[in-house]
Number of protein chains: 2
Amino acid sequence: MQNLTRRALDKAARRADILAAALTVFAANGFASARLDDVAREAGIAKGTLYLYFADKQALFEGLIKENLAPIPVMADDVISIFEDTTENLIRALAGMLLARIQTPDVRQVMQLMIADGYRFPELVAFHYREVVTPGLAAITAIVKRGIARGEIRDTPESAALLRHPQMLFAPFLTIVVWNMTFHEIAPLDEHQFAEDYITLLLGGLRAGEQA
Amino acid sequence: MQNLTRRALDKAARRADILAAALTVFAANGFASARLDDVAREAGIAKGTLYLYFADKQALFEGLIKENLAPIPVMADDVISIFEDTTENLIRALAGMLLARIQTPDVRQVMQLMIADGYRFPELVAFHYREVVTPGLAAITAIVKRGIARGEIRDTPESAALLRHPQMLFAPFLTIVVWNMTFHEIAPLDEHQFAEDYITLLLGGLRAGEQA
DNA sequence: ATCGTATGACTGACGGGTCAGTCAGTCAAT
DNA sequence: ATTGACTGACTGACCCGTCAGTCATACGAT
């Protein structure tokens with residue numbers, strides 16, 4: 001039994017090694033141009049060993065995305081139900097957590113891969129939508145409703161618009177990733193400031209002469 | 001002389017044929033997986049002919065992006081300097097034009113290619129930044145300043161945030177493209193409604209109890 | 001008008017490099 | 001001795017880029 005455990009641990013560790021190596025190589029080249037020879041070398045194993053853990057290149061890619069993307073939105077619901085402070089501070093707190101997540105190099109690389117190559121794998125898209133997008137949008141909706149109930153968010157066309165398209169609250173983070181993936185060398189974005197500015201704008205609005 | 005003109009026209013037309021075929025094939029497969037054999041067949045020419053018009057696969061890709069992306073922001077400045085109506089209507093008018101642009105299939109495909117593959121070609125990134133992004137951000141800045149000068153946009157931290165990061169006004173359009181490129185089959189976005197909702201939110205803001 | 005020559009756009013079979021996936025054999029552990 | 005994880009040389013399909021050859025047209029000479 002202990003042997004079996006030991007074996008299982010070894011296998012799990014090796015699998016993790018492979019995924020880490022795959023992330024490096026896929027992120028550097030994109031799916032189509034990434035070489036499995038490079039993944040094997042990076043992982044310190046022979047190419048044949050890859051095929052003991054993953055059926056083919058696509059399975060490796062999908063495994064990579066799935067295991068790195070899934071944990072992202074889990075925390076939000078817990079935070080929301082516990083949080084006692086104002087909606088504004090709740091939004092800022094969650095935005096800070098989200099920003100920290102997407103600034104983690106691994107997560108950033110997985111997001112870039114999902115944006116650049118992910119849409120070519122329908123099963124992956126479905127998984128992503130189910131495990132990440134749906135709970136994420138639900139969390140945003142919950143925040144807005146909580147804010148309206150507490151009288152901190154206006155029950156007006158503005159909040160109706162956000163409830164209709166909760167994606168708008170995620171838009172700045174997507175923009176950050178795409179911008180810095182493309183223009184990082186030429187005009188890097190101050191990601192923290194950008195997120196702050198977005199929240200400021202969203203809460204206050206632009207129109208002059210606004211009344212409560 | 002007439003012959004020469006005739007020839008030149010033929011060549012230009014053929015070049016356009018090739019670019020159109022290349023857009024189809026690259027958009028369907030991405031840069032790395034696209035086959036030049038397919039481009040040639042789609043264009044109705046032999047593969048060798050491709051190389052009479054473009055040095056290699058990369059040059060074809062770059063030509064494709066450059067010729068389709070460059071014309072986008074030219075119009076904005078003209079519109080802004082002529083426009084007489086309120087800032088709100090100016091923003092809605094420009095958003096409508098932008099939406100129409102990115103809903104054009106060719107433009108949509110080029111944007112997707114730029115997002116998915118573009119960042120791997122530094123010269124292309126520099127071109128894109130210089131010819132599209134810079135004038136686009138300048139146009140947004142001009143709109144906001146005009147609105148403040150006319151007293152229609154509040155001269156507050158909100159507008160300061162937008163002036164610091166004019167990208168925020170383009171963010172919804174980027175979100176639309178990325179969302180529908182990934183989730184179109186599974187949960188298509190109503191692009192027109194999304195753009196409207198974003199403007200509504202941006203102008204009015206979420207916070208309750210707001211004063212002028 | 002007719003013929004011969006020059007031009008250059010176009011063709012498509014092919015060379016050669018690349019890389020996903022295979023499998024016969026090795027090795028370590030029990 | 002047996003099991004099963006691991007290896008890495010190998011195969012073959014794939015596809016970019018080339019180039020020797022074709023052909024339609026232009027043009028000068030008669």
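By convention in this document, chain letters (A, B, ...) are assigned in the order of the sequence lines, proteins followed by strands, and residues within each chain are numbered from 1.
When distances are taken from the side chain of Thr49(A) to each of dT7(D), dC10(C), dC16(D), the shortest belongs to dT7(D). With distances taken from any side-chain atom of Leu52(B) to the nucleotides dT7(D), dA9(C), dG21(C), the minimum falls on dA9(C).
A salt bridge is defined here as a Lys NZ or Arg NE, NH1 or NH2 lying under 4.0 Å from an Asp or Glu carboxylate O, and Asp17(A) with Arg14(A) fails to meet this definition. One finds a salt bridge joining Glu191(A) and Arg108(A) here, because a Lys/Arg side-chain nitrogen approaches an Asp/Glu carboxylate oxygen to under 4.0 Å. Electrostatic pairing of Glu196(A) and Arg164(B) does not count as a salt bridge here, judged by no charged N lying under 4.0 Å from a carboxylate O.
Per the geometry, CZ belonging to Arg15(A) stands 13 Å off P belonging to dC6(D), to the nearest Å. For the pair Asn29(B) CG and dC16(D) C1', the computed distance is 15 Å after rounding to whole Å. Rounded to whole angstrom, the span from the NZ atom of Lys47(B) across to the P atom of dC10(C) amounts to 17 Å. As rounded to whole Å, 11 Å separates atom P of dG12(C) from atom CD1 of Ile45(B). Rounded to whole Å, atom P of dA9(C) lies 12 Å from atom CD1 of Ile18(B). Distance CD (Gln58(A)) to P (dA20(C)): 13 Å, rounded to an integer number of Å. Going from atom CG of Asp37(A) over to atom C1' of dG17(C) covers 14 Å, rounded to whole Å. One atom, CG of Leu60(B), and another, C1' of dC15(D), lie 15 Å apart when rounded to the nearest Å.
Proximity of Arg14(A) to the phosphate of dC6(D): a side-chain N or O atom is located under 4.0 Å from OP1 or OP2. Phosphate contact (OP1/OP2 of dC6(D), side-chain N/O of Tyr53(A), threshold under 4.0 Å): present.
Atom CZ of Arg41(B) and atom NZ of Lys47(B) lie 12.0 Å apart (nearest 0.5 Å).
The residue Leu36(B) sits close only to the backbone: its heavy atoms come under 4.0 Å of sugar-phosphate atoms, none of a base. When heavy atoms are screened at a 4.0 angstrom cut-off, Phe54(A) is found touching no nucleic acid atom at all. Within the nucleic acid shown, Ala34(A) comes within 4.0 Å of sugar-phosphate atoms alone, with no base atom in reach, counting heavy atoms only.
Heavy-atom distances to DNA chain D give each of Gly44(A) and Asp56(B) a nearest nucleotide, and the one nearer the 5′ end belongs to Gly44(A).
In this model, no side-chain donor or acceptor of Lys57(A) finds a partner on the base of dG21(C) within 3.5 Å.
Lys145(A) places no side-chain N or O within donor-acceptor distance of the main-chain N or O of Leu163(A), the cut-off being under 3.5 Å.
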